[in-house]
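The structure appears below as structure tokens.
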Amino acid sequence: MGSSSDKKRKSAEDTTSQTKKKKVDSEKSSKSPKFINVGAVKRPQYAPPVVAATSGLALSSSIQFQAYATPADKTSKRKKNGAPAQELLLHSANHRTMDYTAREDRTGDSSDPYLKHYIGIFNPKTAEVEIVEARKTVLRGTVRSQKAVDEAMEEKAQKQQMMAMRNELGEAFGTKKAKKAIRDVTENAITSQKVGQSELVMMDAIKTATKDMSTKEDLQAAVDNARPVPRGNFEAKEIADVYVPAQIIGSEVLNAIPVMDWQESVKNLEDIQVPSRFVAKRVSNVASSDDAVHRLRVLRYLLFVIIFWNATSQGRERGTRSIGKRDKLREVMAPAPEIVIENIRRKFSDGGVMRKTHVDLLMTHCCAFAAIIDGFKVNTIDLREDLKLEQKQLNQYFIEIGARVKQQKVADKMENFAILALPLQFPKIRLPARKR
């Protein structure tokens, strides 16, 4: 019995010793070797390892890069120092909004041309570390939408270049109208650039300097007020209320004009001899019309003005007319009362001299009186002969008072008619042409 128990104890001790040996052997095998051999430094022939500086970017591990190699500059120091003759570039477009590009860091070429980077690759089976030369790169990210804007700007630049080429061809071979259009587009082009502080200050200064400047409407109103035309009510609703003889001449002067002799002559069918074709052809019709006295006074005042004009002579200064003495005016303008003579003399002269303003004022008064006598539609041929003017000059005077001049056929002959109707059409102000 005793012998059998001893045998059992021995067998148990043997099994425990065997398990301890196995654990020690496994622990020895799991420990790293005490000595590691470093192999030779290798330079990869194909895709080398890369050391990338992310420059603050949080790069996901799922991003995959495509490697590209570009020829390096022949004069670069990297080639002289034994560096690879190709420049490495990594690009990735896997991200939905970002493009990543890794380029080799070229900043080390000037500070330390002999600085290189290596990576150690450990092989646990052989207990060796393989040293491989690596490329140092700098990783940058660009927003893809920003790139799209750059492409759009390139398209815009191409369009502008094509437009510039077309403009050059137009300037070289285009017509006058096309060249003028090109110049207008060029002068009126407004480039969308960011305005700086100095430009803002200049714009404010220009705005302050021009805030009191007259507009085109103000200039037109000033020209209308200074135009040598009879006094008129240009806001009137009826054409007969625009030029009123009592307001233009004056009620006292108008009532002092004698017309009784003309009325007697017309009543007795006697001829009336006057130095005016316009007045001679109309005196009979006016004397037999409604409101004959008033219209005859206007007609005779027009006759006195025509006689006054024909009695003037060339003045000493260029463009002026000289008026005769009072005795001579009384003689040629008889039977005009003294108040009428003085009214005409003061209205259309200054110091015995008629300047251009006085001449224009006299002509426009004659046009207005002729329009009133003829019912606001005047055949200008008779008045042209009385005033000794060219047809173009007389047309311009009618235009100055707001009339329209048209040609109509009368007895197989074209005649010029001046029509005074609402709304009056006065000449527009002409701005000076821009210098080239």
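All residue numbers in this chain count up from 1 along the given sequence.
A donor-acceptor pair under 3.5 Å is absent between the side-chain atoms of Ser289 and the main chain of Ala292, judged by distance alone. Side-chain atoms of Ser288 come within 3.5 Å of backbone N or O of Ser284 as a donor-acceptor pair. Between the side chain of Asn268 and the main chain of Glu264, a donor-acceptor pair closer than 3.5 Å is present. Put simply, the side chain of Asn94 gets close to the backbone of Gln64: a donor and an acceptor are under 3.5 Å apart. His91 contributes a side-chain N or O that, together with a main-chain N or O of Tyr100, makes up a donor-acceptor pair within less than 3.5 Å. Although no hydrogens or angles enter the test, the distance criterion places no donor-acceptor pair under 3.5 Å between the side chain of His294 and the main chain of Asp291. Judged purely by atom type and a 3.5 angstrom limit, Asn395 has no side-chain atom pairing as donor or acceptor with the backbone of Val405. Side chain of Asp386 to main chain of Arg277: a donor-acceptor pair is present (N/O by atom type, distance under 3.5 Å, no hydrogens or angles). Remark: side-chain polar atoms of Arg282 are not paired, donor with acceptor, to backbone N or O of Ile373 under 3.5 angstrom. In terms of modelled atom types and a separation under 3.5 Å, the side chain of Thr175 and the main chain of Ala178 share a donor-acceptor contact.
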Exercise. For the pair Phe234 and Phe426, evaluate ring-ring contact (aromatic ring centres under 6.0 Å, His included) and give the outcome as yes or no after the intermediate values.
Key: CA-CA 11 Å; Phe234 302 113; Phe426 295 101; 5.2 Å; yes
Practice problem: Kindly indicate, with the supporting measurements, whether the criterion salt bridge (Lys or Arg N to Asp or Glu O under 4.0 Å) is fulfilled by Lys237 and Asp241. | Solution: CA-CA 7 Å; Lys237 302 298 182 181; Asp241 298 331; over 6 Å; no
Practice problem: Go through Asp374 and Lys377 one step at a time and tell me if the salt bridge (Lys or Arg N to Asp or Glu O under 4.0 Å) criterion holds. | Solution: CA-CA 6 Å; Asp374 279 2; Lys377 185 177 181 181; over 6 Å; no
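Under the ring-ring contact (aromatic ring centres under 6.0 Å, His included) criterion, no residue pair touches residues 302-339, with sequence neighbours excluded. Pairs passing the ring-ring contact (aromatic ring centres under 6.0 Å, His included) check and including a residue from residues 385-419, sequence neighbours excluded, do not occur.
Salt bridge annotation for Lys281-Asp382: present, with a cationic side-chain nitrogen under 4.0 angstrom from a carboxylate oxygen. Here Asp360 pairs with Lys356 in a salt bridge; the nearest charged N to carboxylate O distance falls below 4.0 Å. Residues Lys179 and Glu171 are not paired through a salt bridge, judged by the lack of any N-O separation under 4.0 Å between the basic side chain and the carboxylate. The existence of a salt bridge linking Arg345 and Asp350 is excluded, since no basic side-chain nitrogen approaches an acidic carboxylate oxygen closer than 4.0 Å. A salt bridge is absent between Glu338 and Arg326: the closest approach of a Lys/Arg side-chain nitrogen to an acidic carboxylate oxygen does not fall below 4.0 angstrom.
Listed by chain and number, the residues in a ring-ring contact (aromatic ring centres under 6.0 Å, His included) with Phe348 are His365 (sequence neighbours excluded).
Shown here for Ser276 and Leu303, the closest heavy-atom pair between the two residues is CB-CD1, 3.7 Å.
For Asn233 and Tyr243, the side-chain atoms include no donor-acceptor pair closer than 3.5 Å. Counting only N and O atoms by type, the side chains of Gln391 and Thr380 include a donor and acceptor under 3.5 Å apart. No hydrogens or angles considered: nothing links the side chains of Asn416 and Arg384 as a donor-acceptor pair under 3.5 Å.
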